[in-house]
Amino acid sequence: MLDTLRIQNFALIEEAEIEFRPGYNVLTGETGAGKSILMGALNLVLGARASADVVRAGASDARVEAIFHLDTPSPPLLALLAQQDIALEDGALLLARVVGADGRSKGYAGGRMVPIAVLAAIGDELVDLHGQHDHQSLLRSDRQLDLMDAYAGADALVAKLNKAVEAWRQTKHDLEALEADDRDRTRQIEFLQFEVSEIDEAGIEADEEAALEARLSLITNAEAIHSHAAEAYALLYEGNDPAVTDLLDRAGRAIDELAGLNPQFRPLASQFTELRDGLDGISDALRDFTETLEFDPDELESLNQRKALLSRLKRKYGETLTDVLAYRAQAADQLDTFTRRDERLEELRTALDAQYREAYQIAESLSAKRKQAAKKLAKRVTANLQDLGMKGATFECQFQDTELYNRGIDRVDFMLAANKGEKSKALKQVASGGEISRIMLALKTVFADAD
């Protein structure tokens, strides 16, 4: 409920504060007492258009604040506040509007500056102003349908329908996307086939680069490697003054003589033998290497071409060969999806038909429940209108068939014949402010539990 309305420098009002109490509150006064100014101030804080004319003469700006206490906020209002990150404080919501002498205005909700459109949207959920004012939510067809569903106790059915229609729409979207452009699909298939084929023809392995680089290094430096290996072998076995191995053999014989003369030299002789055998192994390896190492220009060219191929694939498909292979797997999956198009189309069409039938059945149940509740609603509102002095007035709910959508297969309009014999018209077409006010009171009485 509206708890407090504060006004500063608005029109003729310098400063005013009005507190409201639970129940029925009335502002009375003769013509010119300022009732319309108070309503204009409330309308302003609810997001109505503003101009410099509302600022009191001599003031720099006008300010209006409204405090609402919300015991049970409506779900749409809670969703709107959450979207704007506006929090309630002890169940209270403060709205404010400041209009400068230049006509510019700012809106605030919960202490946060918000666009005027947001302020108006919050106002729509808080207040109905009946008469020559905005915020008459019951005149909107979408709001009438909301109230009809709440009155009929169909909220659970509406939620079930929303879920079913959303599933149907998603499948329909997927089907349309798959059917969209066969030529584009053909181009994509050809391109993916080329990419997969290019990677497959390369026959790459994730860990081959290290071996490739090692072989390239060996062949590229073959001459230098052969030269150093031959030199080392020659120094060991073919030296002139004499060879290293000859000197070692002489030293070995001397150490053996020592071991024969004194046992303490035997370990030393054993170590020297191991050293000499190891040197023979190294010498044999050097000899074998110099005899088998060949410098093959053709192999070098082949290895360089392979390296260039791998580099090109990495530039196109990933930083490493592992990335290239992962891209190939992804492309193959996409290609499989494309090549399964006809099968997928049939799956989607079957699902679409089933989902439509399910949603339509729910919508039919919802429509029947609405129409049953509409008869009771029409009787109650018509009776209320009689009590409010609109003798002969009749109220009815007019249904219009529609294509299936998230609210069902029908739309509803609240219709009124203000006098006996008159043709019914939609509420939004009722011109008299007095009639609108009484109609809204009659409706509010019926919808008290739902609105």
Side-chain angles (χ1 to χ4, degrees), residues 1 22-24 70-80 121-130 134-165 359-390 392-418 424-430 435-451:
M1 62 164 284
Y24 188 49
L70 309 173
D71 294 330
T72 54
S74 67
L77 177 59
L78 288 176
L80 182 58
I122 295 174
D124 282 340
E125 296 297 332
L126 290 173
V127 174
D128 277 330
L129 294 177
H130 305 304
D134 296 327
H135 298 284
Q136 299 178 30
S137 66
L138 289 180
L139 299 183
R140 303 199 316 260
S141 295
D142 60 337
R143 183 59 176 155
Q144 291 171 6
L145 194 58
D146 288 338
L147 291 171
M148 172 62 72
D149 289 338
Y151 181 75
D155 288 343
L157 202 56
V158 170
K160 184 178 180 181
L161 175 63
N162 278 330
K163 186 176 180 180
V165 170
Y360 200 89
Q361 289 175 356
I362 298 172
E364 285 182 321
S365 300
L366 177 59
S367 180
K369 196 164 189 175
R370 285 170 175 167
K371 291 172 180 176
Q372 184 179 7
K375 296 176 181 179
K376 299 178 182 179
L377 175 64
K379 289 181 180 179
R380 290 186 61 186
V381 175
T382 297
N384 285 345
L385 292 175
Q386 310 306 311
D387 294 339
L388 291 170
M390 296 182 68
T394 57
F395 174 88
E396 63 177 313
C397 301
Q398 185 179 84
F399 286 85
Q400 179 182 355
D401 294 337
T402 68
E403 295 292 333
L404 177 66
Y405 72 119
N406 67 318
R407 300 302 303 274
I409 54 174
D410 45 34
R411 299 183 188 275
V412 66
D413 279 307
F414 290 169
M415 308 292 289
L416 175 76
S424 295
K425 296 185 295 185
L427 292 189
K428 57 189 174 184
Q429 296 175 336
V430 176
E435 287 178 347
I436 290 176
S437 297
R438 282 180 282 177
I439 293 165
M440 293 303 163
L441 180 57
L443 288 169
K444 283 286 189 177
T445 302
V446 176
F447 287 133
D449 293 333
D451 184 13

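The structure presented is a predicted model; accordingly, all values stated were derived computationally and were not measured.
- For the pair Leu385 and Thr394, the minimum side-chain heavy-atom distance is 4.5 Å or more.
- With contacts defined as side-chain heavy-atom distances shorter than 4.5 Å, the pair Arg380/Tyr151 qualifies.
- We find the CG-CD1 distance between Leu77 and Ile122 to be 7.0 Å, quoted to the nearest 0.5 Å.
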Please tabulate, for the side chains in residues 360-369, all donor-acceptor contacts under 3.5 angstrom to protein atoms that are two or more places apart in sequence or on a different chain.
unit_1 : atom_1 : unit_2 : atom_2 : d
Ser365 : OG     : Gln361 : O      : 3.2
Ser367 : OG     : Asp410 : OD2    : 2.3
Lys369 : NZ     : Gly153 : O      : 3.4

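- The distance from atom CG of Leu404 to atom CG of Leu161, rounded to the nearest 0.5 Å, is 6.5 Å.
- Within the 4.5 Å cutoff, the side chain of Met148 has heavy atoms near those of the Leu377 side chain.
- Between the side chain of Glu125 and the backbone N or O of Ala121 there is no donor-acceptor pair closer than 3.5 Å.
- Ala393 and Gln386 get closest at one heavy-atom pair: O-NE2, 2.7 Å.
- Checking side-chain atoms of Gln398 against main-chain N and O of Asp413 turns up no donor-acceptor pair under 3.5 Å.
- Distance check, rounded to the nearest 0.5 Å: CG of Leu145 to CG of Asp142 gives 8.0 Å.
- Residues passing the side chain to side chain donor-acceptor pair (under 3.5 Å) test with Glu396, sequence neighbours excluded: Ser424.
- Each salt bridge (Lys or Arg N to Asp or Glu O under 4.0 Å) pair with one or both residues in residues 399-408, not counting sequence neighbours, appears once here: Asp146-Arg407, Asp149-Arg407.
- Other residues, nucleotides and ligands place no more than 12 heavy atoms under 6.0 Å from the CD atom of Gln372.
- The distance from the NZ atom of Lys444 to the CD1 atom of Ile439 is 14.0 Å, given to the nearest 0.5 Å.
- Judged as a side chain to side chain contact (heavy atoms under 4.5 Å, CB included), and not counting sequence neighbours, the contacts of Leu78 are Pro73.
- Counting only heavy atoms from C-beta outward, the side chains of Arg411 and Tyr405 approach each other to under 4.5 Å.
- Counting only heavy atoms from C-beta outward, the side chains of Phe399 and Arg370 approach each other to under 4.5 Å.
- The shortest distance between side-chain heavy atoms of Phe395 and Asn384 does not fall below 4.5 Å.
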